[in-house]
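For the numbers below, each heavy atom of this structure counts, side chains included, while hydrogens, waters and symmetry mates do not. Read the numbers this way: they start at 1 and go in the same order the structure lists the ligands and their atoms. Computed from a predicted model, the values in this text were never measured in an experiment.
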Amino acid sequence: MSMRAGNVRPQCCRCLNLQENGDILLCSESPTAKLRNKTPDPDTKTEVVPSSSPDKTQLSFLTPSSCNRSQMASVSADIAAASSFLFFSSRAAPKPFRCLGTVLFHPNQSRPHGKLRSFSSRTTSPPRKVAALDSRRSRAFTVSATATAAPQNDESDVLTKIPPDNRIPATIITGFLGSGKTTLLNHILTADHGKRIAVIENEYGEIDIDGSLVAAKAAGAEDIIMLNNGCLCCTVRGDLVRMIADLVARKKGKFDHIVIETTGLANPAPIIQTFYAEDQVFNDVKLDGVVTLVDAKHANFHLDEVKPKGVVNEAVEQIAYADRIIVNKTDLVGDPEIASLVKRIRGINRMAHMKQTKYGKVDLDYVLGIGGFDLERIESAVNAGEAKESHDHDHEHDHGHNHDHGHHDHDHEHDHDHEHHDHHAHDHTHDPGVSSVSIVCEGTLDLEKANIWLGTLLLERSEDIYRMKGLLSVQGMNERFVFQRVRKIQLSGVHDIFQGSPDRLWGADEQRLNKIVFIGKNLDAQELEKGFKACLI
Ligand SMILES: Nc1nc2c(ncn2[C@@H]2O[C@H](COP(=O)(O)OP(=O)(O)OP(=O)(O)O)[C@@H](O)[C@H]2O)c(=O)[nH]1
């Protein structure tokens, strides 16, 4: 793939070809082009174009030139790396619906003259047929828009109203063995918050020790379900789906929140994807957030552990996917150790909010109702790295304004000569491990360039980028544009959940700052920053 950030109009990129109007069409030489007139799936009104590109994920672009400004829509999309089809699917629906395809930023989308196009490719054998697009995956996306959206009709390509989301929120509590997950759970269950909570407890092994610990203390729980024949992230994901479905079927209306405690060895990524990929879960339950406990005394040891090639370090992954990080057991170590651990954690995950505790004592609203996957709350995540960390019970504690960026320590006053003022920059180290990179800079984004840059990045780095959130100033938009992307891995390959939406209006005197945070492997801060800045006007 020769397309680079800033290369605005690539003529041909295997099967992609950016047209004058900004849309990308299939290159006529591409073998994919020959297949593009396949019969659409009648049920999902899907344009299906199998892609033959052997080694890429997919890419889709929609630019203002093809959009009607009056309907500010946003589309959540799935980049199915191993999916064989190039298509867009949508339908007006009263509930959040999902569509396959990747549409990155397209603030003005209404009924484009064409269809939204997305590109996917597979890493294995060529596609079989349209039926391979199952309805489960097609529900992995939501389409939403600002309240200023025009009314919809049945023919609409996108839904332009954010549907009310009355689904039951679910919180995943994760953290390495002995970090304090059950202690936190007991704190949640015994605290006075008025919420009716159902608990799903995953214990690895035959005997549900944690279950009895929780059950003994937790008269407050509506239901405690044990999953103790394997680890949630591997063998018992199907059980999790069935249990959630059963819980909802039996007790819907009788509880307000689901809390899932994973085993200490769980990788949260597959558990997160359960909430997007499975019908039975997606329809009734939404993921509220991932809360990760970190054992202040032993965390470094687990984080240091070198795993065989291809095996993830669970302790790192648990931190990388967190929306909230609780550095627990601070009574067992001194301040310098805590400060250094906090800095290390920040290096892995700049988006999560972090607190230090003893015995998991945090305010309940710190762990429940956090909206870690809501577009509306993205600002809080992109600003999280700026915030000071706080000690037990919200007691503020200043660790120095060093942004705790681990391997990407910042030089705040760096690069002032650049034509766009940087509020935030990085040292330019390439980190082979899991790390965070954040870019904050003033300026206005050229939507087309941004789409190309981001699309290319995800195309090339789909597996490496775990999570990404951003708040952008886009040319021609009076609103801020917020987006997020979550990676999910399935047997069939790497998939993306990509959501974007216009947010509130920029204030008249407000500085139009772009903020974007990446969490992932092998991130090169310099390259990301350069690529992003090349999209500024
Ligand atoms: N000193 C100290 N001990 C703690 C703290 N929090 C929890 N513990 C103790 O640490 C031990 C492990 O806590 P759990 O809550 O069971 O940890 P867990 O993460 O659920 O453990 P696993 O289920 O084995 O992964 C228990 O004996 C807790 O009482 C703390 O802040 N300080």
Closer than 4.0 angstrom: is that true for some heavy atom of [X] and an atom of ligand 1?
| X | answer |
| --- | --- |
| Gly178 | yes |
| Gly360 | no |
| Asn328 | yes |

Distance under 4.0 Å to a non-hydrogen atom of [X]: what atoms of ligand 1 satisfy this?
| X | value |
| --- | --- |
| Leu177 | 25 (O) |
| Glu261 | 20 (O) |
| Lys358 | 31 (O) |

Would you call [X] and [Y] a salt bridge, using N to O less than 4.0 angstrom?
| X | Y | answer |
| --- | --- | --- |
| Arg504 | Glu510 | yes |
| Asp284 | Arg167 | no |
| Glu337 | Lys297 | no |
| Arg196 | Asp256 | yes |
| Arg461 | Asp524 | no |

Thr182 versus ligand 1: do any nitrogen or oxygen atoms come within less than 3.5 Å of each other?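 So ligand 1 has an N or O lying under 3.5 Å from an N or O of Thr182.
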Please work out whether the ring planes of Trp453 and Phe532 are parallel, tilted or perpendicular, with thresholds of 30° and 60°.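 Because their plane-to-plane angle is over 60°, the rings of Trp453 and Phe532 count as perpendicular.
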Record the part of Asp331 in heavy-atom contact with ligand 1 below 4.0 Å; permitted values are side chain, backbone, both and neither.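 The answer is the side chain of Asp331.
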Heavy atoms only, cut-off 4.0 Å: how does Leu332 contact ligand 1, side chain, backbone, both, or neither?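 Side chain only.
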Do the side chain of Tyr366 and the main chain of His353 share a donor and acceptor less than 3.5 angstrom apart? yes
If you compare Lys361, Glu201, Lys329 by their heavy atoms, the one closest to atom 10 (O) of ligand 1 turns out to be Lys329
In terms of its nearest heavy atom to atom 13 (O) of ligand 1, the top option of Thr330, Val327, Thr183 is Thr183
Asp464 side chain reached by Leu523 side chain, heavy atoms, under 4.5 Å: no
